[in-house]
Amino acid sequence: MAYSYLLLDIDNRGVAHVALHRPEVHNAFDDKLIGELTQLFEQLDKDKAVRLAVLSGNGKSFCAGGDLNWMRGMKDFSRAENIADSKKLSGMYARIHNFSKPLIGIVHGAALGGGSGLAAVCDFVIASEDAKFGFTETRLGILPAVISAYAIEKIGISAARAYFISGMQFSAAVAKEIGLAHRVVPQDALNAAREEIIHEFLKAGPEASCKAKQLIRDVAGSIASKATDVSVIAIADARISDEGQEGMDALLSKRKPKWVA
């Protein structure tokens, strides 16, 4: 299948290289990219020739989160339509989180909001030294809702309280410290680090890798399934709230939101 917003290459080792491809908006996702990512990871999970996947971003950034123009348009949706749309976003993260094979994330530039959420659903994350992370939604008057379960599992409650509530950005070094990234390298060393980690993952038996990933879920449990309904409603309501609309409009208009100004 041809994709509009994704680049896909499966090499002869069975490594699927997936790149977000909306570089003009720093790979921010809208409904079309959400649908394509969901469908692609479903396809890769079923493809027996694929042993692992690598997720990256084409252009200057990994992923700047949700497309503000797309989210701002939710004000014209009914609440039922907004919740249905939010379920698609939640479904995308669930599909990637539940990908049965190893998933390596390569993060450079901005990984903000939903971009940090994508990092949270990867099994191993390599970040460039200049990468910027952040659960920045509260600075837009909205919430890191559908990504919250995956992020909290990764970084813990203490870091979530620090970065969810403030919305502040943080460096790749801090991302490694709190568990969102596993290795930090200079920008020009990303490719070499990617190949090194792919090589390490391919040393494991294909079936054993998948079973080990499932074992972690079975033993540790997951708050994701419990949080889905709450988080979907939370983001649906936040996006169309007065504060959410003001925050997104302020950023698009390159001004400070009213609560700052």
Side-chain angles (χ1 to χ4, degrees), residues 20 22 24-30 33-34 57 59-75 77 82 85-86 89-90 92-93 107-121 125 127-128 130-181 227 230-261:
L20 307 179
R22 294 189 77 205
E24 69 283 358
V25 291
H26 296 272
N27 297 316
F29 46 76
D30 61 3
L33 179 53
I34 288 167
K60 295 181 178 179
S61 296
F62 174 64
C63 177
D67 186 316
L68 293 184
N69 284 308
W70 166 66
M71 290 195 293
R72 193 168 58 163
M74 300 299 171
K75 70 179 187 298
F77 284 27
N82 194 2
D85 192 82
S86 298
L89 176 62
S90 177
M92 178 194 78
Y93 281 105
V107 177
H108 75 290
L112 303 176
S116 281
L118 285 177
V121 294
V125 173
S128 66
D130 62 347
K132 291 293 182 184
F133 294 81
F135 302 98
T136 51
E137 287 87 348
T138 54
R139 299 205 173 185
L140 299 177
I142 56 176
L143 300 171
V146 299
I147 64 174
S148 59
Y150 312 115
I152 291 170
E153 283 187 343
K154 217 48 171 311
I155 69 175
I157 292 173
S158 178
R161 289 173 69 165
Y163 296 109
F164 278 25
I165 298 171
S166 70
M168 74 175 101
Q169 294 183 26
F170 50 94
S171 67
V174 172
K176 184 174 183 293
E177 181 181 313
I178 64 177
L180 191 57
V230 172
S231 62
V232 163
I233 292 171
I235 189 57
D237 288 344
R239 289 192 301 198
I240 60 173
S241 68
D242 290 342
E243 191 168 273
Q245 289 290 312
E246 162 63 15
M248 289 185 281
D249 182 72
L251 184 58
L252 288 169
S253 302
K254 297 182 179 179
R255 62 176 176 82
K256 293 180 179 179
K258 291 177 180 177
W259 60 81
V260 174

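Just so it is clear, the model here is predicted, and its values are computed rather than measured.
The side-chain hydrogen bond (donor to acceptor under 3.5 Å, both in side chains) check on T136 picks up nothing, with sequence neighbours excluded. Residues passing the side-chain hydrogen bond (donor to acceptor under 3.5 Å, both in side chains) test with R139: none are found, sequence neighbours excluded. E246 is linked by a salt bridge (Lys or Arg N to Asp or Glu O under 4.0 Å) to R255, counting only residues two or more places apart in sequence or in another chain. Considering only residues two or more places apart in sequence or on other chains, D30 meets the side-chain hydrogen bond (donor to acceptor under 3.5 Å, both in side chains) condition with none of them. Residues that satisfy the side-chain hydrogen bond (donor to acceptor under 3.5 Å, both in side chains) test with H108, not counting sequence neighbours, are absent from this structure.
Of the inter-residue distances, the one linking K154 atom NZ with I147 atom CD1 reads 12.0 Å to the nearest 0.5 angstrom. The CZ atom of F170 lies 4.0 Å from the CD1 atom of I178; values are rounded to the nearest 0.5 Å. Atom CZ of R22 and atom CD of E24 lie 6.0 Å apart (nearest 0.5 Å). The distance from the OG atom of S171 to the NZ atom of K132 is 6.0 Å, given to the nearest 0.5 Å. The CD1 atom of I34 lies 4.5 Å from the CG atom of L89; values are rounded to the nearest 0.5 Å. The distance from the CG atom of L20 to the CG atom of L118 is 6.5 Å, given to the nearest 0.5 Å.
Closest approach of A111 to S116, counting heavy atoms only: O-OG, 2.6 Å. S128 approaches A172 most closely through the heavy-atom pair O-CB, 3.3 Å. Across every non-hydrogen atom of F133 and A127, the tightest pair is CZ-CB, 3.9 Å.
Residues E137 and L140 are not in side-chain contact: their nearest non-hydrogen atoms beyond the backbone lie 4.5 Å or more apart. Residues F135 and L112 form no side-chain contact, since every pair of their non-hydrogen atoms from C-beta on lies 4.5 Å or further apart.
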Please list every donor-acceptor pair under 3.5 Å in which a side-chain atom of residues 157-169 meets a protein atom from a residue at least two apart or in another chain.
{"from": "S166", "atom 1": "OG", "to": "A162", "atom 2": "O", "distance (Å)": "2.7"}
{"from": "S166", "atom 1": "OG", "to": "M168", "atom 2": "N", "distance (Å)": "3.1"}

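Side-chain atoms of Y93 come within 3.5 Å of backbone N or O of G114 as a donor-acceptor pair.
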